[in-house]
A.B. asks: 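Below: one structure in structure tokens.
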Amino acid sequence: MSGEIDRSWRDPELLAKALPSVILQTGFFLAPLLMTMALTFQRTKNFQLTWTWSLETWTDIFTKPHYWTILGHTLFMAITCVVLCLLIAFPVAYALATRLRAYQNHVKVLITFAFLTDATLKTFGWVLFLDKNGAANYIARLTGFEGDAVNILFTDWATMLGMVYNLLSFAIFTIYLSIDAIDRSLILAAYDAGASKFRAFWEVTLPLARPGIWAASVLIFLLAVGVFLEPKVLGGGKSPMSAELIRQTFETRVNWPLGAALTLVLMVVAVFIVLLFNRIYSLKRHMGPI
Amino acid sequence: MSWYSDLPQFYQNQIREMGLDDAGMTRRRLLKSAGAAAGVAAMSGLTFGKPARAAGQMSYMCWEGYNDPRIIDPFKAANDVDIAFDLIVDSPGGFAKLQAGASREVDLVSSDMPWVTRMGPAGLAMELNPDDYADVYATFYDQFKPPFEPLISDGKTIGVATRWGWVGGCINTDITDPDTWRSYDPVFDAKNKDKICVMDWGDWPILPMALHAGIDPYQELDAAQLEEIRKVLRAMFKNTRTLVADLTQAQKGLLDGSLLGCIGAGSYLTSAVRKQGHKNIIATVPDPKNGLKQGIIWVEATAIVKETDQPELAQKLLKHVVSKDAGHVLSLLDTTCNVVTNKAVEELYSDEEKSILQTDYMWHAWDNSQMHRIAPQIDEMLAIWQEELAAAQ
């Protein structure tokens, strides 16, 4: 396999075929990224961009702790979201692939409907549900609770609820596909060899589902570091995350160099974390089951 | 040389055959034609019928409401012109867009006054001759007649004020006594913890808090004054239940009583709810504190973009926007209701409409408010806002 990849670099036909993609990537990804980087070295004066090369923006970023506080909070929320999504999505995906085969099409359609519904609509729906005068408190009062028993709106709990709810379907489908692709005869072979149900799950199903779990983790993480609707609408804007900070910097402060620099910082940190986990994942894979 | 002479011969022939060569077609006009055509297509639901074509095209960057068909359609019919709208969702964003090149396409801009003011030094606004607008100003409130200092840049008039209102406390009189809001003290009262709403609208919540701290944010500030602003924002965040950018969220909170008061907004927020019959929702302005007026008057203004290729038509549209009939529509929209600068519009208001607009309160608000203009150190204040918000987590 490795040899084939090495050969592809010397194959003029393959290189020619890849050329359009390379041009597209260069034009639409690399060039804007370089422009964004160049922008970080400019300055803003009276809300106007002035093209004077300066390290002012980067000095600002590395000397003001609040940018890192918000970034740290963003990463914490994103990683928590990944863990919660996996904990909820895996049993659902497992049940769909193994226990609810008769109903799986119906369940998949229902999840797809939720998936395709606009995130703004779903998020504002949660506001109405969690509101002091909303459905949650109405039900709580009906069941004997007094006052505002459900009082999580405009807190990080509500933000997390919205994030998990909006991103969960990505995890369910990704993990479901990997579990569904597992060869059943391998599990039956484990039973034949005397493995208990738990042992067969732990030593056969889970390791084979690992690529799906990993893919779902990366997907959820990258989407979660970029959320801005949930912290703003459900979190009440009091615990801003990086995407909102970047929006505010670009739009409200009209400080494009700073906004561009914060964007790059978020990208670099997110990619670094993905690579770090990728490394850990690779090591674990070589060491055996999870 | 023509606008298309650098194109291949085939396209030059096509352009000549289509009769586009003698219409004084420029890149600007071409872009506007494309914009107008796209707008017409979108509004007509992409029908395949051939729409009637107007003789001219204009591009108007404005807040929602200025594009109301009741305002625009009569102008379009009278001048045989199509207008493409570039709706602003925030004033800084609109200004940034103009700077980024939209000024080559846009003819007219209606935005918050400080951002229209900035168009002067940025070289984006066309100078207006106040004498040409004598008939317009004749029916204006005296406060907005020339020389109206905020819209004068380098001694030249660059815009006309259109709509205005005030920023102070937005409250529900059924759950809080308006008299307690004669200052911003309830914002900091420990018993109001988790009951205060702050509008997440850039500088709008910062400026009233600076005034409460005894600092005039419209002057140059020293480090000690900025530190005072930091302290007052920190205290404000302690009682804040939510920061909202969406009007309806704040309106709902005020109506259902989950929010005691909203800071950073005023008549712009309360009027639409009042129009729906909730006269218990009001916009107040605190009393002056140690001689410093605590309210803020916001004004929207309209300017003509310097690069417009049809200045006469743009001036006509400007005059139309501030006319009596257009002003009446503009002041009573579904999304927000606000008084306008043309006094003659008052004649058209019913008693109910006057109540919606709190016209009996507007001059009290004016007398107790600062005129909103460019705050020299707004970027420092916004940076402090971000820092304190992050620290409040």
Side-chain angles (χ1 to χ4, degrees), chain A residues 43-49 60 64-74 76-77 120 123-124 127-128 130-134 137 148 151 153-156 158-159 228-229 231-242 244-256 258-259 262, chain B residues 89-100 114-115 117-119 121-124 194-206 237-238 240-246 248-249 252-253 255-259 374 376 378-393:
Chain A
R43 296 173 73 178
T44 307
K45 195 178 176 188
N46 295 329
F47 298 93
Q48 291 175 53
L49 192 66
D60 189 30
K64 297 268 177 67
H66 74 281
Y67 297 129
W68 301 96
T69 308
I70 292 174
L71 182 63
H73 178 65
T74 305
F76 171 76
M77 294 292 280
T120 312
T123 309
F124 274 97
V127 173
L128 294 177
L130 297 172
D131 191 63
K132 281 187 176 179
N133 302 311
N137 274 312
D148 304 325
N151 192 17
L153 189 62
F154 305 139
T155 66
D156 276 350
T159 304
F228 65 94
L229 190 67
K232 206 168 176 64
V233 175
L234 289 169
K238 289 186 295 179
S239 294
M241 289 169 62
S242 291
E244 169 61 11
L245 177 73
I246 291 167
R247 183 209 63 78
Q248 206 174 60
T249 308
F250 270 112
E251 288 188 10
T252 312
R253 292 180 64 182
V254 201
N255 193 334
W256 290 20
L258 183 58
L262 289 170
Chain B
V89 288
D90 68 310
S91 301
F95 181 79
K97 197 170 175 181
L98 285 174
Q99 277 195 312
W115 295 94
T117 309
R118 283 182 178 94
M119 287 173 67
L124 295 168
D194 278 342
K195 291 180 182 170
I196 302 299
C197 167
V198 174
M199 298 310 292
D200 194 6
W201 284 350
D203 53 355
W204 283 112
I206 304 174
F237 283 133
K238 281 186 182 162
T240 301
R241 175 166 169 76
T242 176
L243 280 94
V244 301
D246 180 56
T248 52
Q249 263 191 297
K252 181 188 167 300
L255 278 172
D256 66 23
S258 59
L259 300 171
I374 297 173
I378 190 58
D379 194 48
E380 283 93 330
M381 288 189 265
L382 286 166
I384 290 171
W385 166 277
Q386 284 185 339
E387 287 170 30
E388 289 308 314
L389 186 57
Q393 282 180 13

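Residue numbering restarts at 1 for every chain, and letters A, B, ... go by the order of the sequence lines. The structure displayed is predicted, hence computed values, not measured ones.
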A.B. asks: Would you say B:Lys252 and A:Leu128 make side-chain contact, with heavy atoms under 4.5 Å?
C.D. replies: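 Result yes, sub-4.5 Å side-chain heavy-atom pair found.
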A.B. asks: Could you give the distance from CG (B:Asp203) to CZ (A:Arg253), rounded to the nearest 0.5 Å?
C.D. replies: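 The distance works out to 12.5 Å.
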A.B. asks: Can you measure from CD (A:Gln248) to CG (B:Leu389) and round to the nearest 0.5 angstrom?
C.D. replies: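 Interatomic distance, A:Gln248 CD to B:Leu389 CG, rounded to 0.5 Å: 7.0 Å.
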A.B. asks: What part of A:Thr249 is in contact with chain B, defined as an atom under 4.5 angstrom from a non-hydrogen atom: side chain, backbone, both or neither?
C.D. replies: both
A.B. asks: Is it the backbone or the side chain of A:Phe250 that comes under 4.5 Å from a heavy atom of chain B, or both, or neither?
C.D. replies: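 For A:Phe250, no heavy atom lies under 4.5 Å from chain B.
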A.B. asks: Please list, chain by chain and in numerical order, all residues satisfying salt bridge (charged side-chain N to carboxylate O under 4.0 Å, His left out) with B:Lys195, sequence neighbours excluded.
C.D. replies: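 In terms of salt bridge (charged side-chain N to carboxylate O under 4.0 Å, His left out), with neighbours along the sequence ignored, B:Lys195 is linked to no residue.
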A.B. asks: For A:Leu258, is it the side chain, the backbone, both or neither that has a heavy atom under 4.5 Å from a heavy atom of chain B?
C.D. replies: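 Contact with chain B is absent: no heavy atom of A:Leu258 under 4.5 Å.
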A.B. asks: To the nearest 0.5 angstrom, please state how far the CD atom of B:Glu387 sits from the OG1 atom of A:Thr69.
C.D. replies: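 It comes to 9.5 Å.
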A.B. asks: Nearest 0.5 angstrom please: B:Gln386 CD to A:Lys64 NZ, how far?
C.D. replies: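 So the gap between those two atoms works out to 9.5 Å.
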A.B. asks: Would one find more than 12 heavy atoms of other residues, nucleotides or ligands at under 6.0 Å from atom CH2 of B:Trp201?
C.D. replies: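 Yes, CH2 of B:Trp201 has more than 12 neighbouring heavy atoms, counting only those of other groups under 6.0 Å.
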A.B. asks: Quick check: closest heavy atoms across A:Lys232 and B:Ala245, and the distance to 0.1 Å?
C.D. replies: CE-CB, 3.8 Å
A.B. asks: Taking salt bridge (charged side-chain N to carboxylate O under 4.0 Å, His left out) as the definition, give me every residue that meets it alongside B:Asp246, ordered by chain and number, with sequence neighbours left out.
C.D. replies: none
A.B. asks: Decide if atom CZ of B:Phe237 counts as having more than 12 heavy atoms of other residues, nucleotides or ligands within a radius under 6.0 Å.
C.D. replies: yes
A.B. asks: Between A:Lys238 (side chain) and B:Ala392 (backbone), is there a donor-acceptor pair under 3.5 Å?
C.D. replies: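 Absent.
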A.B. asks: Please report the closest heavy-atom contact between B:Ala390 and A:His66, naming both atoms and the distance.
C.D. replies: CB-CB, 3.7 Å
A.B. asks: From B:Asp200 CG over to A:Arg247 CZ, what is the distance, rounded to the nearest 0.5 angstrom?
C.D. replies: 6.0 Å
A.B. asks: To the closest 0.5 Å, what do you measure between CG (A:Asp131) and CG (B:Asp256)?
C.D. replies: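 Going from the CG atom of A:Asp131 to the CG atom of B:Asp256 covers 5.0 Å.
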A.B. asks: In terms of heavy-atom proximity below 4.5 Å to chain A, should B:Gln249 be classed as side chain, backbone, both, or neither?
C.D. replies: side chain
A.B. asks: Check each atom of A:Leu234 against the heavy atoms of chain B and say whether the ones under 4.5 Å are side chain, backbone, both or neither.
C.D. replies: neither
